[in-house]
Amino acid sequence: MHVGHGRGAAYGAAVADLLAAVGYKVHREYYVNDAGRQMDILAASVWLRYLDLCGENENDELPFPVNGYKGDYVWDIAATLHREDGDAYRHAAAIVLSNLPKDESEGGDSGGDKEQYIDAVISRAKELLGDIAYRKVFDTGLNSILEDIRRDLEGFGVVYEEWFSERQLTENGAVGRAIERLKDSSHLYEKDGAWWFRSTDFGDEKDRVVVRDNGQTTYFASDIAYHMQKLERGFDRVIDVWGADHHGYVPRVKAALTALGDDASKLDVLLVQFAILYRGGERAQMSTRSGEFVTLRELREEVGDDAARFFYVMRKCEQHMDFDMDLAKSQSSDNPVYYIQYAHARVCSVLRQLDEKSIEHDSNNGLAHLAVLTESHEQSLLTRLSRYPEVVESAALNHEPHQLAHFLRDLANDFHTYYNAHQFLVDDVALRDARLCLIRATRQVIANGLGLLGVSAPESM
RNA sequence: GCGCCCGUAGCUCAGCUGGAUAGAGUACCGCCCUCCGAAGGCGGUGGUCACAGGUUCGACUCCUGUCGGGCGCGCCA
């Protein structure tokens, strides 16, 4: 999983948890793009690497497509396939390559077209392998990648109730049904052999193709079917989290929902801007092309899950963000995550002192004497704590977890200030019990708040 | 060319659906532990809220335009 998806994952998870915290029944769903050409390209790439492992490339007679997926994970998948099924999918290199069009060269123009070439390789794979074997290669690749993503996100504290398959939408007829409904309501028309959705009727800048002239439905058709079905499943509100580079698709998806007679205002699309990673004051390489892109896993390993989750939601989602990896992993006061976690750990440390000094905390006595908390630092801490519910509600309803992040920072500041100004473990029992109630409440709110952002609250650091 | 997002202190960002002298962190300078963790606290320096108009009793906030940065504008996914 590319690090570019990290912000959307952290943001979506925080919004979902916030909404759940204020009482919404939340269903978290990951939309799996398992239909379409990119998965076929993966399958073809895996197959070619597999043939290599079978020994079909001993004399470099089996070139790898310019447009194929070159990552190491493709080799891993091919190896799994070879380990499990041996030479079952093996075909001679000469047969695989016979009569294929020219591939584009790495440099650029050699007369070949890389798109046409990879498509030809895919067709050849389907033709030689047959449906069942092709499906096996395809699914081995897909499942491997999905499993990887699932593990990665789970480790990141981002979990879903459902992994929704795009392919399923075609197979269970939802895509066809959506298209029929649009045809019946005459929102589709045929032109140049393709079927177009008249999205301009709903304010989009141009009409969009849903069925290509070759009979294949487009990605947009799946989108329509997905959202149609989502509302059919009985959800009153749908929140999509998209990368901001897809912003142009919002009008057409909403247009389609309106055309279907659904209420498009039930759909909120949250666009998450890119986060630019900085390391050592320089932009970290993130391009996919080089094959050397930073993965979410690498980021997690480098800065830690807590810092990554917190940094990703520290800013408004529509704000372009600079992610300073050096700051995120620094264990110093510069780092807001440590600052907040430290406040939590400090309270825990004070509570540990109770045991060491054999002091009992009578919380009922403390609650009965809250009126003695008259110091200005105590007042501001109390006031801050009392705002927590409204901050959570506002952060949830506005889909702005950064509000909570900022609140926690301020709360930690109030606490640290208080800590420096006053002793908690005083001889006056009523005052001591009341103060311990206050800092326990502080600890609880910090733990709850960090929890909503997917960040841990350690008892010591 | 058109569309979306952004432009607030040297740097990274808040500013709660317009309200009083614009706030944090960081950086820089100076203080504070015989005391529950100094991974902390306190004070100071620092801004023409990109620019120009407009609406308003009042604009960082709303509208228009300009400039600058990012991202999109396929019968790709």
Side-chain angles (χ1 to χ4, degrees), chain A residues 33-42 67 115 119 166 191-196 203-223 242-252 269 271-276 278 281 311 314-324 327 330-343 345-354 356-357 359 377 387 390-391 393-395 397-398 400 402-403 405-407 409-410 412-426 432 435-436 439 458 460-461:
Chain A
N33 293 133
D34 54 2
R37 215 166 71 103
Q38 60 184 13
M39 289 310 302
D40 279 319
I41 295 178
L42 174 69
N67 229 13
E115 303 294 346
D119 281 340
E166 179 191 349
K191 192 182 94 183
D192 303 331
W195 284 92
W196 297 70
D204 197 7
E205 30 184 54
K206 53 182 288 196
D207 293 340
R208 312 289 174 177
V209 171
V210 288
V211 186
R212 291 189 262 164
D213 59 5
N214 64 7
Q216 296 239 303
T217 56
T218 60
Y219 184 83
F220 176 45
S222 300
D223 274 350
W242 294 0
D245 51 338
H246 288 83
H247 67 82
Y249 298 75
V250 179
R252 75 187 69 162
V269 181
L271 300 168
V272 181
Q273 294 289 340
F274 291 139
I276 301 168
Y278 284 88
F311 271 59
M314 207 162 51
R315 309 300 181 208
K316 287 186 296 206
C317 71
E318 66 265 34
Q319 177 71 250
H320 302 264
M321 178 173 82
D322 286 347
F323 191 125
D324 185 340
L327 177 59
S330 81
Q331 306 210 349
S332 74
S333 59
D334 314 357
N335 189 336
V337 187
Y338 279 87
Y339 185 81
I340 297 165
Q341 289 180 322
Y342 180 44
R346 256 186 160 174
V347 176
C348 294
S349 178
V350 172
L351 297 178
R352 279 193 295 273
Q353 287 290 316
L354 289 182
E356 287 177 26
K357 296 182 178 172
I359 301 173
H377 292 128
R387 291 216 183 97
E390 68 182 78
V391 169
E393 184 174 331
S394 172
L397 299 183
N398 294 304
E400 293 186 343
H402 78 274
Q403 287 186 28
H406 284 274
F407 169 84
R409 212 265 155 213
D410 291 339
N413 181 27
D414 289 336
F415 172 76
H416 287 307
T417 302
Y418 180 38
Y419 182 96
N420 262 282
H422 300 283
Q423 193 80 12
F424 306 142
L425 303 180
V426 291
R432 184 179 70 214
R435 285 183 170 172
L436 287 172
I439 67 168
S460 65
M461 304 166 64

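Chain letters run A, B, ... following the sequence lines, proteins first and then strands; every chain starts at 1. Here the structure is a predicted model, which means the values were calculated and not measured.
Residue-level contact check: A:S460 touches the bases, meaning some heavy atom is under 4.0 Å from a base atom. When heavy atoms are screened at a 4.0 angstrom cut-off, A:W195 is found touching no nucleic acid atom at all. Within the nucleic acid shown, A:N33 has no heavy atom closer than 4.0 Å to any nucleic acid atom. Note on A:Q353: only backbone sugar-phosphate atoms sit closer than 4.0 angstrom, heavy atoms only; bases stay farther off. Here A:T417 lies in heavy-atom contact (under 4.0 Å) with sugar-phosphate atoms only. Backbone-only contact: A:E205 has heavy atoms under 4.0 Å from sugar-phosphate atoms and none from a base. At the heavy-atom level, A:H377 lies nowhere under 4.0 Å from the strands shown. Nucleic acid contact for A:N214: none, since no nucleic acid atom lies under 4.0 Å from a heavy atom of the residue. In this structure, A:H416 reaches the sugar-phosphate backbone alone: every heavy-atom distance under 4.0 Å involves primed, P, OP1 or OP2 atoms, never a base.
B:rU17 sits 35 Å from B:rA27 when the C1' atoms are compared, rounded to a whole Å. Comparing the same atom, P, in B:rC73 and in B:rG15 gives a spacing of 30 Å after rounding to whole Å. Rounded to a whole angstrom, the distance from the P atom of B:rU12 to that of B:rG7 is 12 Å.
Across all their heavy atoms, A:L425 and A:K357 have their closest contact at CD1-NZ, 4.3 Å.
The side chain of A:K206 sits closest to B:rG74 out of B:rG74, B:rA14, B:rC71.
As a whole-Å value, the separation of A:D204 CG from B:rC4 P is 12 Å. Rounding to whole angstrom units, CD of residue A:E115 and P of B:rA77 are separated by 11 Å. One interatomic measurement links the two molecules: NE2 of A:H246 to C1' of B:rG3, which rounds to 16 Å at whole-angstrom precision. A straight line from CG of A:D213 to P of B:rC75 spans 10 Å, rounded to a whole angstrom.
One distance of note links CZ of A:R409 with CG of A:D414; it measures 10.0 Å at 0.5 Å rounding.
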- Task: Report the C-alpha distance between A:F311 and A:M321 in whole Å, list the side-chain angles of each, state the deciding distance to 0.1 Å, and finish with yes or no for side-chain contact (heavy atoms from CB on, under 4.5 Å).
- Result: CA-CA 9 Å; A:F311 271 59; A:M321 178 173 82; 5.7 Å; no
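Checked by distance alone, A:Y249 brings a side-chain donor or acceptor within 3.5 Å of a matching partner on the base of B:rC76. Not a single donor-acceptor pair, N or O on each side, falls under 3.5 Å between the base of B:rA38 and the side chain of A:Y419. For A:H320 against B:rC6, no side-chain N or O and base N or O form a donor-acceptor pair under 3.5 Å.
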